[in-house]
Protein chains: 2
Amino acid sequence: MSRPRNAAATKAALLEAAAKLFGERGFDRTTVRDIASLAGVNQALLFRYFGSKDALFATVLATQSRELLEDSPAEHLLRNVLLRMMDEKPRPEDHPLHAVLRSSHHDSAAEVVRRQLGEEYARALSSLTDAEDAALRADLVLAWVVGIGVLRSVFGKQPLAEADPAKVAALVAQAASVLLERTDSG
Amino acid sequence: MSRPRNAAATKAALLEAAAKLFGERGFDRTTVRDIASLAGVNQALLFRYFGSKDALFATVLATQSRELLEDSPAEHLLRNVLLRMMDEKPRPEDHPLHAVLRSSHHDSAAEVVRRQLGEEYARALSSLTDAEDAALRADLVLAWVVGIGVLRSVFGKQPLAEADPAKVAALVAQAASVLLERTDSG
DNA sequence: GTCGGCTGTAAGCGAATGCTTACATGGGGG
DNA sequence: CCCCCATGTAAGCATTCGCTTACAGCCGAC
């Protein structure tokens, strides 16, 4: 009945359970006992395979943020990220940003935001305009996406929480284009 | 040397200390011992005067959110809230949104957001346009303000974190006007 | 076969947390 | 004066937390 011994499978189960719980509850409200219980393994194995709760959290963020950027051509990044943020069909808590937003005080989370969002998202966004303050404009668009995620997923603000993702994306794209338009004068 | 006994002053000191620490660290990372220590009173008094840590948190949110909306004519609400969110001169952690954002899982925090932001901010914002999806557009503008606050205060994202508030407000107002404009056709 | 180490388990340790209780103390009203 | 209760204090309780330790079982190497 008991599955065969398999360290890789155990690690994967812990990682998956941690991603789900960190995303749902944030770092503080998630206990190592909860993670181990959801993964169906003994909690001591969490420390054997990941060292500490902090290290496990960092591993979750690294894994998720790696997935986030691998398939977004710059031109469609805003739309892609926004639609992905809006999409709640499969499992909304799997979105990499959720764990970050719910654990914003954590060093690893803040670092991921500054590095990933800063150096990847924002650079891609800022490439869309040639305004001299392109980086600031990109940050503002990024802030919008983050804010929508916060209001939707964290607070469940209506009507935004249940609005049609395509409609939201259209409205945001329409307004954001004011900030990201090219002057083609330089 | 010791100040005279004064229940009102003690309550006020606890409230102020709690507002500061909840804003800086969020609900979970703030301990009742920290609050009492910062207020310079015995921690048992926290429970005597507020009942529980949860109730103290709710009192803090109620006090702060009451202050937030008392002087914002609808037309200038976006600009006022945004500028206040951007203003870090006095004590950024005093901004009511900070405690909420850092404690988003907490029932009281989520309730405050849904009620205050939902019924006050969003209604005021939605009154600025006559589009049929006014409420959704208002939510999107609100999300923008919240996202800017998150990126700035929580994550310290550059260049947004140190950008000129007036410039940010101008850019946001420019783009948001696309969503909030009146058609004057109905 | 048996030895060694990788995998999994059970129990608990020390610290921190929210909260309570039992007790000082001080100052105003009779 | 002195009594009484509002105010403040010290100590600790029960629980939960991250993490550790001591041990059992399984499997391949030789």
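Chain A is the first sequence line, chain B the second, and so forth, proteins listed ahead of strands; every chain is numbered from 1.
A distance of 10.5 Å separates CD of B:Q43 from CD1 of B:I35, quoted to the nearest 0.5 Å. The line from NZ of A:K20 to CD of A:E24 is 4.0 Å long, rounded to the nearest 0.5 Å.
Partners of A:F50 under the side-chain contact (heavy atoms from CB on, under 4.5 Å) rule, at least two apart in sequence or in another chain, are A:K11, A:L14, A:L15, A:L56, A:T59.
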Per-nt protein contacts along nucleotides 1-10 of chain D (heavy atom under 4.0 Å; B base, S backbone sugar-phosphate only, - none) come out as -----BBBBB
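Taking atom CG of residue A:L46 and atom P of nucleotide C:dG8, one finds them 13 Å apart after rounding to whole Å. Remark: P of C:dT9 and CG of A:L14 are 11 Å apart, rounded to the nearest angstrom. C:dC19 atom P lies 10 Å from atom CG of B:L56, rounded to whole Å. When rounded to the nearest whole Å, the span between CD of A:Q43 and C1' of C:dG8 equals 13 Å. Rounded to whole Å, the distance from CZ on A:R25 to C1' on D:dC17 is 14 Å. A:F47 has its CZ atom 21 Å from the P atom of C:dC6, to the nearest Å. Rounded to a whole Å, the CZ atom of B:R33 is 11 Å from the P atom of C:dC19. The nearest whole Å value for the distance from the CZ atom in B:F27 to the C1' atom in C:dT17 is 11 Å.
Within the structure, the salt bridge (charged side-chain N to carboxylate O under 4.0 Å, His left out) test picks out no pair touching residues 48-63 of chain A (sequence neighbours left out).
Ionic pairing of A:R29 and A:D34 is not present here: no N-O contact between side-chain nitrogen and carboxylate oxygen is shorter than 4.0 angstrom.
Between the B:T129 side chain and the B:E181 main chain, a donor and an acceptor come within less than 3.5 Å of each other.
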